[in-house]
Amino acid sequence: MDDLDGGPKRGAPWKRMSKEELENQYSPSRWVVRLGAEEALRTYSQIGNEATKRAQATGRNLLDVPYGDGEGEKLDIYFPEAVSEALPFLMFFHGGYWQSGSKDSSAFMVSPLTAQGVAVVIVAYDIAPKGTLDQMVDQVTQSIVFVQKQYPGNQGIYLCGHSAGAHLAAMMLLANWTEHGVTPNLKGFFLVSGIYDLEPVMHTSENASLLTTLEVAQRNSPQWHLQTAPTQPVDPACRILVTVGQHDSPEFHRQSRELYQTLRRGGWKASFEELHDVDHFEILWNLTQKDYVLTQVGCIPSPWTECILL
C-alpha cells in the first residue's frame, strides 16, 4: 500500500549503498533483460533514427525551429494530417543522462500520435558538458513558452520525458511562469523512468560531465523541492502519470514511486504505472507502436485518456 500520509522518507536506501552498488543502480544499461548493454544502446539509437526519418519524410513538419537564441535551442514540430492551431501538443524531452541523445533521433511516438490528431514537438537542449543542468531546465522552460505563444489556441500542452528527459519535464512542475509573461496551457505530464532526486548521481561516474555539487543537485531535484516546499498545482485538472519499467533498477523504481507519493500528498492528480515486462530502453522502442499502452490514446488508462483528446 502506498504511504501517502507520511512525510518524506528518512535515511534513503541509496545512502547505505557502496559506490559499486550505486554505480550499478544508476546504470540503466546494466538492467536490460533481452540484449547486452552495448547492443541495447545501439538498437535503441537505430530505432530512434529510423522513426525520426519516417516522421520527417511525411513533410507534415517544421524542423529546426529556433525557440531561443542559442545554437542548440531548436525544436521539431510534427503535425497530424488535419492541421489546426486548436490541436493538443505533446512535447517530448529525450533522455541520455543529460549528456547524450538528440531530438534528431527521438521522434519515437510521432507516427502513432499524429495519426490520432496530436501534434508532437521534439525538443533539443544543450547537453553536458556544454550545457549545465540549470541551462537545460531554462531551455525546456523556454521551449514550452515558445509553443504556447506560437499556438495560443492549443487544446492543451502535454509534457513527456524519458529518463533525464522525465527529470526535465518534472522540473516544470516548479516553474514560475509569470516570469515569462505567459502561462502555458499545461494539461498533463508523462514522466517515464526518470530520476527526480539528483543527489545519488553525485556519487556515480555520471557526475563527471555534470560537475554536480550538492547545491546544484538540490536546486535541480523536483523531489527535493516538492518535499521541502510543496508547490500547489496551478491547474487542479492537470494530471501526472509517473511510469517505470518492470525491469528498471530498484532505485529507478524507488525514485518514481516516491515522486508519485509526494505529488499525491501535495494535491496533484497523480497516477503511478509499472509497465509490464519492459526495461529502461524497451519503453522507448515500444513508443513507435500504435497499439502500445503509451501511444494508443483512445485506449490508455487514466490519466492519459482523460488528458488527451477527451
Side-chain angles (χ1 to χ4, degrees), residues 27-29 31-32 34-68 70-79 89-115 118-131 135-136 139-140 143-144 146-147 158-169 190-195 206 209-210 243 245 248 275 278-290 292 294-295:
S27 298
S29 61
W31 295 83
V32 295
R34 277 169 276 272
L35 297 172
E38 291 186 7
E39 185 181 359
L41 293 171
R42 184 170 56 251
T43 303
Y44 156 76
S45 178
Q46 180 180 346
I47 290 176
N49 285 330
E50 292 173 353
T52 303
K53 288 178 181 178
R54 288 195 301 271
Q56 292 179 347
T58 66
R60 299 192 304 272
N61 49 58
L62 297 173
L63 304 178
D64 294 319
V65 179
Y67 64 81
E71 182 181 349
E73 295 173 349
K74 304 281 176 47
L75 53 78
D76 297 336
I77 309 175
Y78 298 91
F79 296 98
F89 284 77
L90 182 134
M91 300 183 66
F92 181 73
F93 310 104
H94 68 79
Y97 249 126
W98 307 278
Q99 300 165 68
S100 63
S102 165
K103 74 172 177 60
D104 300 322
S105 58
S106 297
F108 298 93
M109 75 300 295
V110 166
S111 293
L113 290 184
T114 55
V118 180
V120 180
V121 181
I122 312 295
V123 179
Y125 54 90
D126 285 322
I127 57 178
K130 179 180 180 181
Q135 288 172 326
M136 295 177 212
Q139 288 174 331
V140 167
S143 72
I144 297 167
F146 173 84
V147 170
Y158 305 86
L159 308 184
C160 179
H162 172 252
S163 198
H167 158 265
L168 293 172
F190 308 107
L191 309 178
V192 184
S193 290
I195 299 175
E206 300 297 343
S209 294
L210 292 172
T243 69
D248 266 309
L275 300 176
V278 291
D279 61 39
H280 192 79
F281 302 104
E282 288 173 328
I283 293 172
L284 279 182
W285 303 345
N286 289 335
L287 286 178
T288 64
Q289 306 302 310
K290 65 180 180 180
Y292 186 50
L294 290 183
T295 53

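For clarity, every value in this text was computed on a predicted model and none was experimentally measured.
Across all their heavy atoms, Ala166 and Leu191 have their closest contact at O-CD2, 3.7 Å. Minimum interatomic distance between Ala164 and Gly96 (heavy atoms only, all atoms of both residues): CB-N, 4.3 Å. Nearest heavy atoms, Phe89 versus Val121: CD2-CG2, 3.9 Å. Among all heavy-atom pairs drawn from Thr114 and Arg60, the shortest one is OG1-NH2, 4.5 Å. Residues Met136 and Asp126 approach most closely at CG-O, 3.3 Å, considering heavy atoms. Heavy atoms only, all atoms of each residue included: Ser143 and Phe93 are closest at OG-CE2, 3.9 Å.
Between the side chain of Glu73 and the backbone N or O of Gln139 there is no donor-acceptor pair closer than 3.5 Å. In this structure a side-chain-to-backbone donor-acceptor pair under 3.5 Å is present from Thr52 to Ser106. Side-chain N or O atoms of Asp279 include none that pairs as donor or acceptor with a backbone N or O of Trp31 at under 3.5 Å. No donor-acceptor distance shorter than 3.5 angstrom exists from the side chain of Tyr97 to the backbone of Ser163, with no hydrogens or angles considered.
One finds the CD1 atom of Ile77 at 11.0 Å from the CG atom of Asp64 (value rounded to the nearest 0.5 Å). Atom CG of Leu159 and atom CE of Met91 lie 6.5 Å apart (nearest 0.5 Å). A distance of 10.5 Å separates OG of Ser105 from NZ of Lys53, quoted to the nearest 0.5 Å. Rounding to the nearest 0.5 Å gives a distance of 12.0 Å between CG of Leu275 and NE2 of His280. In this structure, CG in Asp104 is found 10.0 Å from NZ in Lys74, a value given to the nearest 0.5 Å. Taking CG of Asn61 as the start and CD1 of Ile122 as the end, the distance is 11.0 Å to the nearest 0.5 Å.
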**Verdict with supporting geometry, Phe108 and His162, side chain to side chain contact (heavy atoms under 4.5 Å, CB included)** = CA-CA 11 Å; Phe108 298 93; His162 172 252; over 6 Å; no

**Message:** Pair Leu63, Tyr78 - check side chain to side chain contact (heavy atoms under 4.5 Å, CB included), show working.
**Reply:** CA-CA 8 Å; Leu63 304 178; Tyr78 298 91; 3.8 Å; yes

**Request:** Under the side chain to side chain contact (heavy atoms under 4.5 Å, CB included) rule, what do Leu90 and Phe190 come out as? Steps first, then yes or no, please.
**Result:** CA-CA 10 Å; Leu90 182 134; Phe190 308 107; 4.2 Å; yes

**Asked** Checking side chain to side chain contact (heavy atoms under 4.5 Å, CB included) for the pair Asp76/Leu62: CA distance, chi angles, key distance, verdict?
**Response** CA-CA 6 Å; Asp76 297 336; Leu62 297 173; over 6 Å; no

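In summary, the aromatic rings of His94 and Tyr125 are positioned with their centroids under 6.0 Å apart.
Contact of the Pro66 side chain with the Phe146 side chain is not registered, since no non-hydrogen atoms from C-beta on lie closer than 4.5 Å. Side chains of Phe92 and Val110 form no contact here, defined as non-hydrogen atoms less than 4.5 Å apart.
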